[in-house]
Protein chains: 2
Amino acid sequence: MGYQQRRGDTLQDPDRRPPSRRIADELRERIIRGELSAGAKLPSEREMAQAYSTARNTAREAITILRNEGLVDVQHGRGAFVRTRPSLLRLGSRYSRALREQTGLSPYRAEVIKQGRTPRVDCTSIKRIRPSADIAHRLGVDPASKSVIRRENWYFADNQPVQVGVTFIPWTIARGSVLAKQANLGPGSIYGRFEDLGHPIVRSHEEISARMPTPEETRGLAIPPGVPIMQVVHTSIDQHGVPFEVTQFVMRADLGGLDYTIPVDD
Amino acid sequence: MGYQQRRGDTLQDPDRRPPSRRIADELRERIIRGELSAGAKLPSEREMAQAYSTARNTAREAITILRNEGLVDVQHGRGAFVRTRPSLLRLGSRYSRALREQTGLSPYRAEVIKQGRTPRVDCTSIKRIRPSADIAHRLGVDPASKSVIRRENWYFADNQPVQVGVTFIPWTIARGSVLAKQANLGPGSIYGRFEDLGHPIVRSHEEISARMPTPEETRGLAIPPGVPIMQVVHTSIDQHGVPFEVTQFVMRADLGGLDYTIPVDD
DNA sequence: CAGTGGTCTAGACCACTCA
DNA sequence: GAGTGGTCTAGACCACTGT
């Protein structure tokens, strides 16, 4: 058979939306109104096709639209469900020594525990590498030699991956210290060690952006469709204005957000 | 005809990817390698279908995948093109009086001009309203009466909409001032006026998150598929620790990002 | 006008989930 | 095994862009 029949409307406001959009719009409306609440199961594709007198593919297209908006979560063999919004982990630039000594916990751990979940941080790799031009520039090191240590950390909440952080440290600073070798950095975490080495963090610079994940990120962080990632490039600066560490974070935007409190000078 | 023929592979590593994914992966590879550079036109759907011996819908599905990743830009009647990454506007928390008086420009205008583009900011609406529970809580005002002024601002670069900001100000502060009435706030912009009213900004709190846009945001900001938005809830705090203004920003993540420099106290 | 994407149809088989 | 989503086919007409 041919194309869809136009909706019979010779009046002022013909519904110009194609059926797939119309179905998506109606479902979205019902989700936002709460008629379909979080976790609720949508009608199956075949049911919806029947209900709207369309082909299954058309109903399916409608669901795809909502999926790409991050509104529904489709599970193979089970159905499509209204996505539950987990409360966001509020992370941010929290590097003060007071905080380190007070809680004995990293800001990440503290935040996850606050939400009644179980934190885990895995250091999966420590290598000495040749830095990218960008990293070399940020740290003021030689881009042509193995001038930095690269540490990769994965952050979990209840065993669910939330973010990855890749830290770059000039070899001249890390050489001989635990930073260059050990996964476990001891009390006060990494900033405690930098302080031991004569580089207390006195200023933090953060560049934040958001985009859709690459396929690698989608796999690694188990990111569902319709969920973007936030990317933070963090630079730590010491008392002499010297950048001594750069970390690139990639986090699932549906699980976390960032919080900053910034003093405003004259 | 029936289902796709499996790729003839009785060896160890059969390619388990469905054709649409495989085509998408190959195109993505070519884009990342630079073989298809920014702005380049992809083969048409019909050409790709022919080249891969699939139905047109299958080739189309592959393009849709890349589109949802934000990698390609599809134009009706013209073709699909590798998306150009415009340089990001780096915005952030820049509220110092010095900056206000130095340039005479708002941080937004300064940043857009720096990129050789033409800024425009339109104040499209000023109303006295009853605040949402969230806003009322943040400002410490009555959620049951018209206790706040709401100002809506649209930010453009070369007439392209980049972000929207909705500002809420307690009526008790805005009453009688230009804040409650006028679009144009004069030199030093809005923070100059708050200072005139006895509320210099001494601290800024920002909560940042990212998500896919709602259909309204997609329309209003002309956001292409596969592009998320960043949302910032900004709170200004005065010398007495009193929050005197909340602004909710929504910005296209492909056009802008955020930059923060944060001092770290002991 | 030809060419491109946008959308739909009707039917098919595969892969996963759950009782 | 019944039901659900995942994917594909072959063909169709619509709507937009260009020459």
Side-chain angles (χ1 to χ4, degrees), chain A residues 1-9 14-25 27 39-68 71-83 215 218 222 224-226, chain B residues 1-9 14-25 27 39-68 71-83 218 224-226:
Chain A
M1 216 249 273
Y3 193 60
Q4 79 278 18
Q5 59 274 35
R6 274 264 160 267
R7 304 184 69 241
D9 207 335
D15 192 339
R16 319 183 102 282
R17 294 174 298 177
S20 56
R21 301 299 184 101
R22 198 171 68 84
I23 298 173
D25 288 350
L27 286 172
K41 185 175 178 305
L42 270 55
S44 79
E45 295 174 354
R46 289 167 176 86
E47 282 169 4
M48 288 183 42
Q50 176 114 49
Y52 287 93
S53 303
T54 65
R56 182 185 151 208
N57 269 357
T58 302
R60 182 178 172 72
E61 178 68 21
I63 292 176
T64 300
I65 290 171
L66 300 178
R67 205 231 288 251
N68 286 332
L71 278 180
V72 309
D73 176 27
V74 180
Q75 297 176 37
H76 192 172
R78 303 226 312 132
F81 303 84
V82 178
R83 188 170 279 168
T218 300
Chain B
M1 217 246 275
Y3 194 60
Q4 79 279 15
Q5 60 276 33
R6 274 261 161 269
R7 304 185 69 240
D9 206 335
D15 193 340
R16 319 184 102 284
R17 294 174 298 177
S20 56
R21 301 299 185 102
R22 198 170 68 84
I23 298 172
D25 289 350
L27 286 172
K41 185 176 178 303
L42 271 56
S44 78
E45 295 174 354
R46 288 166 177 88
E47 281 169 2
M48 289 184 39
Q50 176 115 49
Y52 288 93
S53 303
T54 65
R56 183 186 151 208
N57 269 357
T58 302
R60 182 179 173 72
E61 178 67 22
I63 293 177
T64 300
I65 290 171
L66 300 178
R67 203 229 291 249
N68 286 332
L71 278 181
V72 309
D73 175 28
V74 180
Q75 297 175 37
H76 192 172
R78 301 224 316 129
F81 303 83
V82 179
R83 187 170 281 168
T218 300

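Just the heavy atoms: all of them, side chains too, but no hydrogens, waters or symmetry mates, feed the values below. Letters A, B, ... are given to chains in the order of the sequence lines, protein chains preceding strands, and every chain is numbered from 1.
- Considering only heavy atoms from C-beta on, B:Val82 stays 4.5 Å or farther from B:Leu71 through its side chain.
- Rounded to whole angstrom, the span from the CG atom of B:Asp73 across to the P atom of D:dT17 amounts to 13 Å.
- Qualifying side-chain hydrogen bond (donor to acceptor under 3.5 Å, both in side chains) partners for A:Arg67, counting only residues two or more places apart in sequence or in other chains: none.
- Nearest-nucleotide mapping onto DNA chain D: of A:Gly79 and A:Asn57, the residue sitting toward the 5' end is A:Gly79.
- Residues B:Ile63 and B:Val72 come closest through the heavy atom pair O-CG2, 4.1 Å.
- Remark: nothing in residues 39-52 of chain A comes within less than 4.0 Å of DNA chain C through any heavy atom.
- Rounded to whole angstrom, the span from the CG atom of B:Asn68 across to the P atom of C:dG6 amounts to 12 Å.
- Between C:dA10, C:dG6, D:dA10, one nucleotide has an atom nearer to the side chain of A:Ala55 than all others, and that is C:dA10.
- Closest approach of A:Lys41 to A:Gly79, counting heavy atoms only: CE-CA, 4.2 Å.
- At C:dT9, one or more side-chain N or O atoms of A:Thr58 fall inside 4.0 Å of OP1 or OP2 (strictly under the cut-off).
- DNA chain D is contacted by both A:Arg67 and A:Gly77; A:Gly77 maps to the nucleotide lying nearer its 5′ end (nearest heavy atom per residue).
- Closest non-hydrogen pair, A:Ser20 versus A:Thr58, comes out as CB-O, 3.8 Å.
- Computed from coordinates, the B:Ile63 CD1 to C:dT7 P distance equals 14 Å when rounded to whole Å.
- A:Arg83 is listed as a side-chain neighbour of A:Pro224, based on a closest heavy-atom distance under 4.5 Å.
- Two residues, B:Val74 and A:Glu61, neighbour DNA chain C, and the one matched to the more 5' nucleotide by heavy-atom proximity is B:Val74.
- The stacking criteria are not both satisfied for A:His76 over the base of D:dG6, which would need a centre-to-centre distance under 5.5 angstrom and an angle between ring planes under 30 degrees.
- Proximity note for B:Pro19 (side chain, C-beta onward) versus D:dG18, D:dT7, C:dT17: the nearest is D:dT7.
- The side chain of A:Arg56 sits closest to D:dG6 out of C:dT7, D:dG6, C:dA10.
- One atom, CZ of A:Phe81, and another, C1' of C:dC18, lie 12 Å apart when rounded to the nearest Å.
- Within the structure, a side-chain polar atom (N or O) of B:Arg78 is placed less than 4.0 Å from OP1 or OP2 of D:dG18.
- The line from CZ of B:Arg22 to CZ of B:Arg17 is 6.5 Å long, rounded to the nearest 0.5 Å.
- Distance CZ (A:Arg21) to C1' (D:dC14): 15 Å, rounded to an integer number of Å.
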